[in-house]
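Notes follow once the structure below has been shown.
Chain A is the first sequence line, chain B the second, and so forth, proteins listed ahead of strands; every chain is numbered from 1. Remember, predicted model here, so these are calculated numbers, not experimental data.
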2 protein chains.
Amino acid sequence: MTVPPPSTRRVGTETSKTRGALLDSTEQLMLEEGYAGVTYRRVAAKAGVTAGLVQYYFPTLDDLFIALLERRSHSNLDKFARVLEANDGRPLRAIWEYSRDETTAALMVEFMALGNHRKAIRAEIAAVGERSHKAQLEAIEKMAGRFKVDGMVVPPSAVLFLLQSIPKIMLMEGELGRTSGHKETLALVDDFLARIEPQTRKPLARRRTSA
Amino acid sequence: MTVPPPSTRRVGTETSKTRGALLDSTEQLMLEEGYAGVTYRRVAAKAGVTAGLVQYYFPTLDDLFIALLERRSHSNLDKFARVLEANDGRPLRAIWEYSRDETTAALMVEFMALGNHRKAIRAEIAAVGERSHKAQLEAIEKMAGRFKVDGMVVPPSAVLFLLQSIPKIMLMEGELGRTSGHKETLALVDDFLARIEPQTRKPLARRRTSA
DNA sequence: GTCTATACGGCGATAGAC
DNA sequence: GTCTATCGCCGTATAGAC
């Protein structure tokens, strides 16, 4: 059988120190100039190596992006676990705080934009999003099945969607110079969170109308 | 004085039939393959002309994108005016319906992603967004200054932000294969709209729990 | 005013030398 | 593990034909 040669291309080891440094350079480039600023030649220049070496570790640019996303995903899950612990009993507040982290959000927004046009990366983005979503939904469902606001039933999945999405879209708009309604929406979410996850132990405690 | 020759480059007229056809091809390419799929050579191939001719009308790719965005912006404003008229007395419902238009949203999402990495286009995106935002805020403020839900003040700008943003982020996530919480959030918004903009003339009328 | 031909450097990617 | 040579596609610029 004339099997199509299963790619004899050599690839660097995953534990290589160089490899990690290349991922660092890539992440930096991505935050500074967006994913379009990530080229073999520029990653190489930033890390002080040749472009060919970058290609040795990451045969295609998709390989590079996927490796970076994978690394970030794990540190993100760790970070969320820490924020959750710091906000014991208030998972929504934890999700909100975590989602508002600028660096993390900026990178994920970059990856979302990237995934929109790179089929190979889409699956990885989806997997990372699924992991994150699962962790956060678990945190929510531990506390209550459903919230109600003025008689309207608010399912946890909708709350999670909004808490995750609002900071992302604000970040995108902000990068374009548009901030209309941002301040007001942030305040609204804060009010909402204070209402269903009051600081004190008393459920539905009334907050002073501060600020 | 050795003035740098002020660019003697010739450009096609704005009323050219060819020019319009090139914009059509560009818009199609953008919807099919994203902005990254837009190249001189591919636009030319789609329109059945040479790449050089595309450059004659649009000296740089930014010129091409900006011209397309400008054209879309005007037809979008027209469309919103029509939807507003069809939903007389319910501007929020009109904004929601308009924002959920798939083609329009997909193009604007594409442009937002594009603007993130192309400085020259950012200003144009901001201007277009500003025009759209102004028209929609005007429509809202004609009806009421502020809404209240369960005692929480909901400023019009926050409502507008959410009504505009939610369909966009759902579109982005949907393209990545993620739809968690979408259905529930859409239902939530519908409930909210039904509450503050009831179908009948009676304020705060209760809707039947259909579907 | 419309359109074509050609050239240049940067890019992702491949194959193979040290 | 590291690096060079090479290929084809890209945006862009320019000179010139109809």
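Side chain of B:Arg93 to main chain of B:Leu84: no donor-acceptor pair is present (N/O by atom type, distance under 3.5 Å, no hydrogens or angles). Not one N or O on the side chain of A:Asn87 forms a donor-acceptor pair closer than 3.5 Å with the backbone of A:Arg90. Listed for the B:Thr179 side chain is no donor-acceptor partner under 3.5 Å among the backbone atoms of B:His182. Within the 3.5 Å criterion, the main-chain N or O of B:Leu69 finds no donor-acceptor partner in the side chain of B:Ser73. The backbone N or O of A:Gly115 sits less than 3.5 Å from a side-chain atom of A:Arg122, completing a donor-acceptor pair.
Residue contacts for A:Leu61: at a heavy-atom cut-off of 4.0 Å it reaches the sugar-phosphate backbone alone, with no base atom in range. B:Val38 comes within 4.0 angstrom of the backbone, heavy atoms only, and of no base.
Rounding to whole angstrom units, CG of residue A:Leu64 and P of C:dC11 are separated by 15 Å.
Checked by distance alone, A:Arg42 brings no side-chain donor or acceptor within 3.5 Å of a matching partner on the base of C:dG10.
Contacts classified as ring pair (Phe, Tyr, Trp, His ring centres under 6.0 Å) and involving residues 84-125 of chain A (residues at least two apart or in different chains) are given here: A:Phe80-A:Tyr98, A:His117-B:Tyr35.
Of the candidates D:dG11, C:dA13, D:dA13, D:dA13 carries the atom nearest the B:Thr60 side chain, counting heavy atoms from C-beta on. Here C:dC11 is the nucleotide among C:dT2, D:dT12, C:dC11 with the atom lying nearest to any side-chain atom of A:Arg41.
OP1 or OP2 of C:dC3 sits under 4.0 Å from a side-chain N or O of B:Thr18. Phosphate proximity of C:dC3 to B:Tyr57: present, with a side-chain N or O under 4.0 Å from OP1 or OP2. Applying the 4.0 Å criterion to OP1 and OP2 of D:dT2, one finds that A:Tyr56 has every side-chain N and O outside that range. Close to D:dT2, at under 4.0 Å from its OP1 or OP2, lies no side-chain N or O of A:Thr50. Between C:dA13 and A:Tyr40, a contact under 4.0 Å exists linking OP1 or OP2 to a side-chain N or O. Contact annotation: A:Thr13 side-chain N/O to D:dG1 OP1/OP2 distance is under 4.0 Å.
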Identify the pairs formed between an N or O of the protein and an N or O of nucleotides 14-18 of chain D at a distance under 3.5 Å, and give each distance.
residue, atom, partner, partner atom, Å
D:dG16, O6, B:Arg10, NH2, 2.9
D:dA17, N6, B:Arg10, NH2, 3.0

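Residue A:Asp24 forms a salt bridge (charged side-chain N to carboxylate O under 4.0 Å, His left out) with just one option from A:Lys46, A:Arg19, A:Arg71, and that option is A:Arg71.
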